[in-house]
Amino acid sequence: MRKLRVAAAQMGPVAKDESRAEVVQRLLKMMRGAAEMGVDLVCYPELALTTFFPRWCIDSKDEFDLYFERELPGPETRPLFDEAARLKIGFYLGYAELDVSSGEKKRFNTTVIVDKAGRIVGKYRKVHLPGHKDLSTVGGTAKSGHVVNNFERRYFELGDLGFPVWRAMGANLGMCICNDRRWPETFRAMGLRDVEVVMCGYNTSAVSARRIGNRETLLPSHIGMFHNHLSMQAGAYQNSTWVVGIAKCGREEGHDLMGGSCIISPQGEIVALAHTLEDEVIVADCDLDECEIGKGGMFNFDRYRRIEHYRIITEQTGRTSPPAAG
Ligand code: CDV
């Protein structure tokens with residue numbers, strides 16, 4: 001059996017004034033707990049080092065750049081890498097990346113995979129950026145401080161690295177971030193590269209709203225969690241892969257974020273589920289050979305995928321409605 005013991009290290013809220021050093025201490029505590037349980041790979045949420053700042057529409061670049069990492073590891077995050085190497089444990093971490101390598105500032109919502117020697121082996125930049133660039137496209141209640149605000153399009157550029165899969169720690173590992181999980185193409189892109197474990201950190205409002213025209217109504221409270229799990233369970237099943245979903249949750253700066261961190265088998269079943277809205281580590285033994293049940297059977301892409309029929313869909317650049325019948 002090819003086994004990878006995986007942990008989802010769910011985080012409770014991170015306050016606006018919580019320092020990086022304080023957050024890193026919380027991450028280290030969970031990393032040590034996971035290592036004691038023999039975990040190979042511990043997974044943290046999206047933008048794990050700070051409060052979820054994209055809920056605010058901040059004008060000053062000097063102000064919002066404080067949430068970004070200029071280097072990883074940097075002085076405050078170095079202890080995570082050193083401890084991982086000491087404990088021989090890998091990790092997946094979300095952070096806001098400020099890239100100045102081209103001579104101009106570029107900002108991304110990013111995750112990395114770090115191996116058991118403390119080396120970065122993979123980087124992913126979020127593709128499906130939700131929300132708004134500024135207040136002009138925000139609906140009425142949101143403008144007045146509604147809980148479902150998201151301004152990721154203001155801060156981040158579109159991810160430019162695709163959805164690669166890396167061979168590390170004896171497994172085929174892939175990453176996505178929060179809103180990416182709602183898009184089947186995310187999982188399929190990695191499924192086509194034989195992914196065996198997809199990690200997905202998220203900051204998702206516990207309140208779901210629907211807007212039709214100018215009218216915004218709240219959805220029943222269970223529906224957000226249903227969609228959270230539905231998306232990841234479908235991605236796992238249809239691509240025969242383990243999926244690890246990791247929440248930052250609880251009441252953060254007056255906004256409620258959902259929990260529900262989980263580890264999902266290639267059959268699409270949740271095998272481990274967080275039960276708090278706080279820092280909490282859940283663990284599962286992921287049998288990587290279990291991926292073969294789907295990859296070699298129901299979802300044997302080479303044999304059963306009907307790419308010639310899908311081409312028409314993938315070549316469509318715009319959306320169309322069906323012609324009127326009769
Ligand atoms: N951080 C996120 O990507 N949040 C989105 C919301 C805005 C829909 C999510 O998919 O949870």
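Remember, it's 1-based here, ligands and their atoms both numbered in the order they're listed. Side chains are part of it too, since the values below use all heavy atoms of this structure and drop only hydrogens, waters and symmetry mates. Nothing fancy with the numbering, it's 1 onward along the sequence.
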At under 4.0 Å between heavy atoms, what of Phe52 touches ligand 1? The answer is side chain

Is the closest heavy-atom distance from His128 to ligand 1 below 4.0 Å? no

Verify the neighbour count for atom NZ of Lys88: are there more than 12 heavy atoms of other residues, nucleotides or ligands below 6.0 Å? no

Can Lys61 and Asp65 be counted as an ion pair, charged N to O under 4.0 angstrom? no

Among Ser205, Ala247, Ser231, Cys178, whose heavy atom sits nearest atom 2 (C) of ligand 1? Cys178

Could you list the donor-acceptor pairs under 3.5 angstrom formed by side chains in residues 37-54, with sequence neighbours left out?
| from | atom 1 | to | atom 2 | distance (Å) |
| --- | --- | --- | --- | --- |
| Asp40 | OD1 | Lys116 | NZ | 2.7 |
| Asp40 | OD2 | Arg5 | N | 2.7 |
| Tyr44 | OH | Leu27 | O | 2.9 |
| Glu46 | OE1 | Asn203 | N | 3.0 |
| Glu46 | OE1 | Asn203 | ND2 | 3.2 |
| Glu46 | OE2 | Asn109 | ND2 | 2.9 |
| Glu46 | OE2 | Lys126 | NZ | 2.8 |
| Thr51 | OG1 | Val14 | O | 2.8 |
| Thr51 | OG1 | Arg55 | NH1 | 3.3 |
| Thr51 | OG1 | Glu252 | OE1 | 3.1 |

Distance in Å, Leu273 CG paired with Ile282 CD1, rounded so as to fall on 0.5 Å steps: 6.5 Å

Of all the atoms in ligand 1, which lie at a distance below 4.0 Å from a heavy atom belonging to Glu46? 1 (N)

Measuring from atom CZ of Phe108 to atom CD of Glu157, what distance do you get when rounded to the nearest 0.5 angstrom? 5.0 Å

A student checking ligand 1 against Glu152 at a 4.0 Å heavy-atom cut-off should list atoms 1 (N), 2 (C), 3 (O)

Show which atoms of ligand 1 fall inside a sub-4.0 Å distance from at least one heavy-atom site of Thr204. 9 (C), 11 (O)

So, Arg70 side chain and Val100 main chain: donor-acceptor pair closer than 3.5 Å or not? no

Atoms of ligand 1 close to Asn203 [distance to a heavy atom under 4.0 angstrom, numbered from 1]: 1 (N), 2 (C), 4 (N)

Please tabulate, one pair per line, all N/O donor-acceptor pairs under 3.5 Å involving side-chain atoms of residues 224-232, not counting sequence neighbours.
| from | atom 1 | to | atom 2 | distance (Å) |
| --- | --- | --- | --- | --- |
| Asn228 | OD1 | Arg181 | NE | 2.9 |
| Asn228 | OD1 | Arg181 | NH2 | 3.1 |
| Asn228 | ND2 | Tyr202 | OH | 3.0 |
| His229 | NE2 | Gly260 | O | 2.8 |
| Ser231 | OG | His227 | O | 2.7 |

Residue part near ligand 1, for Lys126, under 4.0 Å between non-hydrogen atoms: side chain

Proximity to ligand 1 by part of Asn150, non-hydrogen separation under 4.0 Å: side chain

Numbered atoms of ligand 1 (with element) below 4.0 Å of Arg181, judged on heavy atoms: 9 (C), 10 (O), 11 (O)

